Amino acid sequence: MKLEELLYTTYGFDTFRPGQREVIEQVLQGKDVIALLPTGMGKSMCYQLPAHLLTGSVLIVSPLLSLMQDQVAQLKKMGEKSVVAINSFLKPEEKEKIWSQLGSYRFIFVSPEMLVQPFVKKQLQRIRISLLVADEAHCISQWGFDFRPDYLRIAEILPVIGHPQILALTATATAKVTEEIKGYLQLKEPFVYKHAMDRPNIAYDIKRFLTSKEKQDWLEEFVLQSGGPGIIYTGTRRKSQELADVLASLGISAAYYHGGMEHQDRIFVQQQFQNGELDWVCSTNAFGMGVHIADIRHVIHFQLPTSIEGYVQEIGRAGRDGKPALATLLYAEGDEGLMGSLVMDELPTRREIDELAAAKGDARRLVDEGIVRETAYRVGSYWLSRLSLEETHQQIESLQRGKLKQIDKIKKFIHFEGCLREYLLSAFEQDLQKKPANCCSNDGIDYSRFIISKAKNDKSTIDNWQTRLNGLLPLA
DNA sequence: CGCCCTGCTGGTAACAGCAGGGCGGTGCCTTACT
């Protein structure tokens, strides 16, 4: 069957989006592939379509349980019944059933943490897997070294399942991240598809203030006169709640979102936002992955992001519909403090490594006693089980130097006087092909194109009707 | 950096007031024993 026919019968589409055909063809030729495709441009199709032509199962490593659930639901909606997500939500009896019929699933979703468990490995060994997919593969670099070390262990499954071919999918990866994906997934001469990263419809804006107070005053005024939907990223959970409360008191429909909330509450906020019932979400960087909203008009950073890559991912959630969108970074003097401290506290300290090394088999106890942080325990144990104590110290110091560079790039960005678009692209080793009219604050932005009078929360009834009429009448 | 918590200080004791230290953000996974 021709690929287009399969595309039509499976999805009802006539043509592929940029990159999809190239990636799918390489996958079908049996090659390892790293696919850098823009968000919302059908990355999942790159493994779903080949799955129909491959004989065995497709194993997908996914970073978030919610993302897995989404994709399972999406596949089921399309009529695909042989889908399963293996994670801690499963009840023991469900697990038993899944193990007994594992080979019959076409799509198997799993977290990296599950994947490295000996029992899970043993189960996967029994079945035939044709393709291993690393979804959101930049997480290997973004999380593997300091947060979720099991992300560095994905390749351990390869000899167990007979070295299937591998497809790594992501929207944003620098040359360094691409190399790390290649190394940690043990890819053999992969085909790399790389899209042009520039998003011409997003204007990049930096606003500098002397105090946090001025910054917040500006935000309140801006949100009052701007239409949503928009995301406001904060540096702490507390701040996300504070801002949401302030905006709500001004009559704006806003909610907060962060990793410390109950799972149900997180889903609820995300769904409300997705259904257009909320104009603004004030959130930590927990919000975003797996959020599919095409018409986000504003992404505002109230505090500094912790990396340029993270920043590009976050602002990339704006304007997926191709219409003008504004990415605004707010900076008040002293904001580097929080950002720098968050970034530098990511890795285990020298003391924590020494404690872990001294405790040997009983290291877990150090976490319970509050001597070593949970994350430091997992990251530290990962390196100590592979390297000597001295080498571990050296490894952490080398990662530490990487963090300093990361911080430096953010600091340079805030005070950069050239084209912000070029600056961001250069982090991904790309040059700007064509400068859009509304490029960045250093080149001048015509804000009238972005600030939309808002009908829903406008206190003036006249303006309210005026806005609605303007919306109804064709433009003169 | 800016906050919150802890513990010290003074000196009828109680507690107000302040200094110093720690912390802040991303998420998987908890398969036993009383």
Side-chain angles (χ1 to χ4, degrees), chain A residues 61-69 85-96 99 109-120 122-123 136 138-154 209-213 215-216 233-242 256-263 266 282-290 301-307 309-311 313-314 331-347 349 351 364 367-368 370-371 373-379 381-382 403 406-407 410-411 414:
Chain A
V61 184
S62 175
L64 304 178
L65 300 182
S66 61
L67 215 58
M68 279 184 218
Q69 309 287 57
I86 300 169
N87 56 46
S88 57
F89 287 165
L90 296 173
K91 299 181 191 95
E93 60 269 25
E94 290 176 313
K95 274 190 187 170
E96 227 160 273
W99 300 136
F109 290 87
V110 70
S111 67
E113 286 81 3
M114 270 288 176
L115 188 68
V116 299
Q117 292 201 14
F119 181 75
V120 176
K122 212 180 267 176
Q123 296 298 320
E136 307 288 355
H138 61 276
C139 292
I140 292 170
S141 287
Q142 187 175 302
W143 282 345
F145 298 106
D146 53 34
F147 185 48
R148 293 174 66 179
D150 288 338
Y151 249 108
L152 303 182
R153 297 177 54 196
I154 294 174
F209 301 89
L210 287 175
T211 65
S212 301
K213 169 89 172 59
K215 192 169 72 170
Q216 186 156 333
Y233 281 109
T234 61
T236 62
R237 295 173 176 182
R238 169 182 291 271
K239 200 75 199 172
S240 74
Q241 296 192 17
E242 251 177 59
Y256 63 86
Y257 182 104
H258 58 68
M261 291 161 61
E262 290 294 326
H263 191 71
R266 290 176 66 163
C282 305
S283 163
T284 62
N285 60 355
F287 190 72
M289 239 196 279
H301 281 75
F302 189 75
Q303 279 150 325
L304 294 178
T306 49
S307 73
E309 287 107 302
Y311 181 64
Q313 280 160 28
E314 283 157 8
Y331 165 76
E333 267 180 42
D335 280 356
E336 303 91 334
L338 172 65
M339 180 264 303
S341 146
L342 280 180
V343 174
M344 295 319 286
D345 283 352
E346 283 173 341
L347 291 161
T349 60
R351 181 193 60 79
R364 177 73 231 191
V367 177
D368 299 334
I371 298 167
R373 297 165 297 168
E374 164 82 39
T375 313
Y377 160 72
R378 271 177 293 105
V379 172
S381 305
Y382 172 84
K403 298 281 179 198
Q406 187 180 322
I407 291 172
I410 302 271
K411 288 185 182 169
I414 316 164

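Worth saying up front: this structure is predicted, and the values here are computed from it rather than measured. Residue numbers begin at 1 in each chain, while the letters A, B, ... track the order of the sequences.
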Undergrad: Say we look at B:dA13 and B:dT9: how far apart would their C1' atoms be, to the nearest angstrom?
TA: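 Looking at atom C1' only, B:dA13 and B:dT9 are 14 Å apart.
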Undergrad: Decide, yes or no, whether a salt bridge links A:Glu262 with A:Arg266 under the criterion of side-chain N to carboxylate O below 4.0 Å.
TA: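 No.
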Undergrad: Assign A:Arg378 to base, sugar-phosphate, or nothing according to its heavy-atom contacts below 4.0 angstrom with the strands shown.
TA: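 A:Arg378: base contact, heavy atoms under 4.0 Å.
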Undergrad: Using atom OH of A:Tyr382 as one end and atom C1' of B:dG27 as the other, report the distance to the nearest whole Å.
TA: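 Value for this atom pair: 18 Å.
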Undergrad: Looking only at the side chain of A:Thr284 (C-beta and beyond, no hydrogens), which of the listed nucleotides B:dG24, B:dT26, B:dT30 gets closest?
TA: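 So the side chain of A:Thr284 is nearest to B:dT26.
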Undergrad: Expressed in whole Å, how much space separates the C1' atoms belonging to B:dG27 and B:dG22?
TA: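 So the two C1' atoms sit 23 Å from each other.
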Undergrad: Under the rule syn = chi within 90° of 0, otherwise anti, which is B:dT30?
TA: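 Syn.
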Undergrad: From C-beta outward on A:Gln117, which listed nucleotide comes closest to its side chain: B:dG24, B:dT31, B:dG27?
TA: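 So the side chain of A:Gln117 is nearest to B:dT31.
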Undergrad: Within this structure, what is the CZ-to-P distance between A:Phe287 and B:dG25, rounded to whole angstrom?
TA: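 Result: 17 Å.
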Undergrad: For the aromatic rings, using the six-membered ring if either is Trp, is the centroid distance between A:Phe89 and A:His263 under 6.0 Å?
TA: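 Yes, the ring centres sit under 6.0 Å apart.
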Undergrad: Please report the shortest heavy-atom distance between A:Arg148 and A:Pro112, naming the atom on each side.
TA: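 Residues A:Arg148 and A:Pro112, closest heavy atoms: NH2-CD, 3.9 Å.
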Undergrad: Do A:Tyr151 and A:Gln142 have side-chain N/O donor and acceptor atoms under 3.5 Å apart?
TA: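 Looking only at side-chain atoms, A:Gln142 and A:Tyr151 do not form any donor-acceptor pair under 3.5 Å.
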Undergrad: Between B:dG11 and B:dT6, how far apart are the two P atoms, rounded to whole Å?
TA: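 So the two P atoms sit 26 Å from each other.
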Undergrad: Provide the closest heavy-atom pair for A:Glu374 versus A:Val367 in the form atom of the first, atom of the second, distance.
TA: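 Minimum heavy-atom separation between A:Glu374 and A:Val367: OE1-CG1, 3.9 Å.
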Undergrad: By the 4.0 Å heavy-atom rule, please label A:Asn87 as base, sugar-phosphate, or nothing.
TA: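 Answer is sugar-phosphate: A:Asn87 comes under 4.0 Å of backbone atoms only.
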Undergrad: Could you write out DNA chain B as dot-bracket? Rules: Watson-Crick or G-U wobble, both distances under 3.5 Å, brackets [ ] for crossings, | for pairs with another strand, dot for unpaired.
TA: ((((((((((....))))))))))..........
Undergrad: Between B:dC29 and B:dG7, how far apart are the C1' atoms? Round to whole Å, please.
TA: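 To the nearest whole Å, 37 Å.
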Undergrad: In whole angstroms, how far is the C1' atom of B:dC29 from the CZ atom of A:Phe89?
TA: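 That distance rounds to 11 Å.
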Undergrad: Is any side-chain nitrogen or oxygen of A:Ser88 closer than 4.0 Å to OP1 or OP2 of B:dC29?
TA: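 Affirmative; the distance criterion is met.
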Undergrad: When you check the gap from the basic side-chain N to the acidic O, do A:Glu113 and A:Arg378 get nearer than 4.0 Å?
TA: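 Between A:Arg378 and A:Glu113 there is no salt bridge, as every charged N stays at least 4.0 Å from the carboxylate O atoms.
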Undergrad: Closest to the A:Ser341 side chain: B:dT26, B:dC1, B:dC29?
TA: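 The listed nucleotide nearest to A:Ser341's side chain is B:dC1.
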Undergrad: Name the nucleic acid region contacted by A:Met339, choosing base, sugar-phosphate or nothing; use a 4.0 angstrom heavy-atom cut-off, strictly under.
TA: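 The residue A:Met339 makes no contact with any strand.
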Undergrad: Could you pull out all donor-acceptor pairs under 3.5 Å where a side-chain atom in residues 339-347 of chain A meets a protein atom, sequence neighbours excluded?
TA:
| from | atom 1 | to | atom 2 | distance (Å) |
| --- | --- | --- | --- | --- |
| A:Glu346 | OE1 | A:Lys403 | NZ | 2.3 |

Undergrad: Can you measure A:Lys213 atom NZ to B:dC1 atom P for me and round it to whole angstrom units?
TA: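 To the nearest whole Å, that distance equals 21 Å.
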Undergrad: Between A:Asp335 and A:Thr375, just flag the one whose closest nucleotide in DNA chain B comes earlier from the 5' side.
TA: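 Residue closer to the 5' terminus by nearest nucleotide: A:Asp335.
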Undergrad: Would you say the side-chain atoms of A:Glu314 and A:His301 include a donor-acceptor pair closer than 3.5 Å?
TA: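 On atom types as modelled, these side chains qualify, holding a pair under 3.5 Å.
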Undergrad: Within this structure, what is the CG-to-P distance between A:Leu90 and B:dT30, rounded to whole angstrom?
TA: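 Nearest whole value for this atom pair: 10 Å.
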Undergrad: Rounded to the Å, how far apart are A:Trp143 CH2 and B:dC29 P?
TA: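 Computing the A:Trp143:CH2 to B:dC29:P distance gives 13 Å.
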Undergrad: Which atoms form the tightest heavy-atom contact between A:Ser240 and A:Tyr256, and what is the distance?
TA: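 In terms of heavy atoms, the two residues are closest at O-CB, 3.4 Å.
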Undergrad: If we take the P atom in both B:dC28 and B:dA32, what is their distance in whole Å?
TA: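 Comparing P positions in B:dC28 and B:dA32 gives a spacing of 22 Å.
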Undergrad: If you take any heavy atom closer than 4.0 Å to DNA chain B, which residues from residues 233-241 of chain A end up in contact?
TA: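 Of all residues in residues 233-241 of chain A, the ones placing a heavy atom under 4.0 Å from DNA chain B are A:Gly235, A:Thr236, A:Arg237, A:Arg238.
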Undergrad: Kindly indicate whether a cation-pi arrangement holds for A:Lys239 with A:Phe302, taking the cut-offs as under 6.0 Å to the six-membered ring centre and within 45° of the axis.
TA: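 Verdict for A:Phe302: no cation-pi partner in A:Lys239.
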Undergrad: Could you work out the separation of B:dC3 and B:dG25 based on their C1' atoms and round it to a whole Å?
TA: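 These two C1' atoms come out 16 Å apart once rounded.
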Undergrad: Counting just side-chain N and O atoms, does A:Ser212 come under 4.0 Å of either OP1 or OP2 of B:dC1?
TA: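 Checking A:Ser212 against B:dC1: no side-chain N or O falls below 4.0 Å of OP1 or OP2.
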Undergrad: Is A:Gln142 touching bases, backbone alone, or none of the nucleic acid, heavy atoms closer than 4.0 Å?
TA: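 If one applies the 4.0 Å heavy-atom cut-off, A:Gln142 turns out to touch nothing in the nucleic acid.
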Undergrad: Contact class for A:Pro63 vs. all strands (heavy atom < 4.0 Å): base, sugar-phosphate, or nothing?
TA: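 The residue A:Pro63 makes sugar-phosphate contact but no base contact.
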Undergrad: What is the separation between atom CD1 on A:Ile86 and atom P on B:dT30, rounded to the nearest whole Å?
TA: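 Distance check: A:Ile86 CD1 to B:dT30 P gives 12 Å.
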Undergrad: When rounded to the nearest 0.5 angstrom, what distance separates OH in A:Tyr382 from CG in A:Asp150?
TA: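 These two atoms lie 9.0 Å from each other.
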Undergrad: Rounding to a whole Å, what distance do you find between A:Leu338:CG and B:dC4:C1'?
TA: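 About 15 Å, once rounded to whole Å.
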Undergrad: A:Glu346 has a side chain; which of B:dC29, B:dC1, B:dG25 sits nearest to it?
TA: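 Comparing B:dC29, B:dC1, B:dG25 against the side chain of A:Glu346, the answer is B:dG25.
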